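Everything numeric here is computed off the predicted structure, so don't read it as measured data.
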Amino acid sequence: MLNHVLQVLKNRCLLDFDQPVILGVSGGSDSLCLLHLMHEAKIPVIVAHYNHHIRPEADWEASRVEGWVQELGLPFVYGERKLKAGHAEYISEELARQMRYEFLFATAIQEKAQAVAVAHNADDQVETILLHLLRGSGLTGLTGKSYYALPNAWSKTIPLIRPLLSTWRQEITEFIQAHHLSPNVDGSNYDVTLMRNRIRQVLIPDLQTYSPQIKRLLFRMSEILKDEEKFIDNYVDEAWQDCFVFNDDHRVEISAGSFFNQKINIQRRIVRKAIRLLLPSLRDIDSEMVERLILLSRRNKNYQDAVLGEGLYFSKINDRLMITQGEYQVTDDFPQIAVESVISVPVPGTVKILPYWTLETRVVALDDHLKKEIESNSNPYQAWLDIDKVDLPLQMRARRSGDRFCPLGMEGHSIKLSDFMVNERIPRYLRNSLPLILSGKTIAWVIPYRIAHQFRVTAQTERVVWLSLSIKDSSLPGGLISC
């Protein structure tokens, strides 16, 4: 077993045997086995134990782990969940897991460890695959857990490794017996009201009556699918680069045009990748959430704050698809103008709107190539106006009471600007600060939604005013990004 685990540590977990590793040890058979294997291999291990105080015997189990670690002469780090009045409190299995991993990775940072190791085994892998299958998982879920996870839900720099992932529980039991070890026994592992335990104790034995080798077959399937996933991931990464616009801790934006150019299976993976950026600790992404977002994105209208679930919202504003934690809030990455300001727009010339936004204008002769570009324009942040129909210089301001607008396509019929904003589902918080381009007193362009019908390019147009907004990336000094 030792040689097999060493090969996994080297080839699958990419471990440097000379650098410290945080090893999570509960005291059960799996973690106790891994502790002794890594100690026997002389890998520098820092043992970490987290006490949830859920069960009465938790303190006794923690003291046993500490005693074993002292006997081996290894460093030991203890963490616990503080309780009020010394009473056990209900805590969900998922929350307990989250707290435990947060402790392990915080310890890894403190100890400058190269990785966090946990003792999931091959039987755990099979149970995970079946759990995902029962939840309607796609291909990714059927690959199960990974030997080496980076980034993961808790760190972008410290990997989570699982050296026993191809070692069966029976092998671990035989190791424990051969070394005369006495692991802690968690009675909750026999509670069949928990889904994973029911899979282990009821479903798998039933499946073995149909196929005695079902566990090994499912494990082999997951290994094959991992290779398939790597191939697909390379393709998805390229598609993601085409679609990605922006992300921070609370929002991910992707380009609708680029997104719609992808095949539906790639769209699903792009959505899952976006959700994972916002909720890295979410174990299973609901397929209904993914399908709902794709359905909403295809509709030919804007949305604001459609509920997806898990605290996520979806907004569609022209060519931007946005997934947010909480309702979307406008920031400097959307063009705005002070409500009372009026800015003269020279043609040709440039105008700074916000610290990061610039409007550029040019006069361009119309030719066949430009006509095709105008007809196929998918960038809402650029527009062309017939120069013979505008009054120069142009002006920029925010909306005012009584404003009317003749949207392109309405054959010159005007409507209230407020009605246009409602029809376009422009978020309420954007409406008062949305920049408008005016020719004289007439609205020529509602940025970045639509130009006015009377300033459109026609067969008689010879020259145009080209207007284009760019946003400067504050992380790239001097760099303007065309929108």
Enumerate donor-acceptor pairs with a distance under 3.5 Å from any side-chain N or O in residues 436-444 to protein atoms, sequence neighbours excluded.
unit_1 : atom_1 : unit_2 : atom_2 : d
Ser439 : OG     : Asp391 : N      : 2.7

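- Glu102 and Gln98 are linked by a side-chain donor-acceptor pair at a separation below 3.5 angstrom, with hydrogens and angles left out of the test.
- The side-chain contact (heavy atoms from CB on, under 4.5 Å) check on Lys389 picks up Asp386, Phe455, Thr458, with sequence neighbours excluded.
- By the side-chain contact (heavy atoms from CB on, under 4.5 Å) test, Thr140 is found to be paired with Glu229, Arg269, residues two or more places apart in sequence or in another chain being considered.
- Between Phe405 and Phe420, the ring planes are perpendicular. Angles over 60° get that label, and only those under 30° would be called parallel.
- At a threshold of 4.0 Å, the pair Lys145-Asp124 does not count as salt-bridged, since none of the basic side-chain nitrogens sits closer than that to a carboxylate oxygen.
- Salt-bridge annotation for Glu228 and Lys226: absent, with no side-chain N of the basic residue lying under 4.0 Å from a carboxylate O of the acidic one.
- Salt bridge status for Glu375 with Lys372: absent, with no side-chain N to carboxylate O gap under 4.0 Å.
- Centroid-to-centroid, the aromatic rings of Trp357 and Tyr381 come within less than 6.0 Å.
- Listed by chain and residue number, Glu360 satisfy the salt bridge (charged side-chain N to carboxylate O under 4.0 Å, His left out) test with Arg362 (two or more places apart in sequence, or in another chain).
- The side-chain contact (heavy atoms from CB on, under 4.5 Å) test applied to Asp237 returns Lys273, not counting sequence neighbours.
- With respect to the salt-bridge test (charged N to carboxylate O, under 4.0 angstrom), the residues Glu93 and Arg196 do not qualify.
- Legend: residues meeting ring-ring contact (aromatic ring centres under 6.0 Å, His included) with Phe259, ordered by chain and number and at least two apart, are absent.
- Taking 4.0 Å as the cut-off between side-chain N and carboxylate O, Glu223 and Arg220 do not count as a salt-bridged pair.
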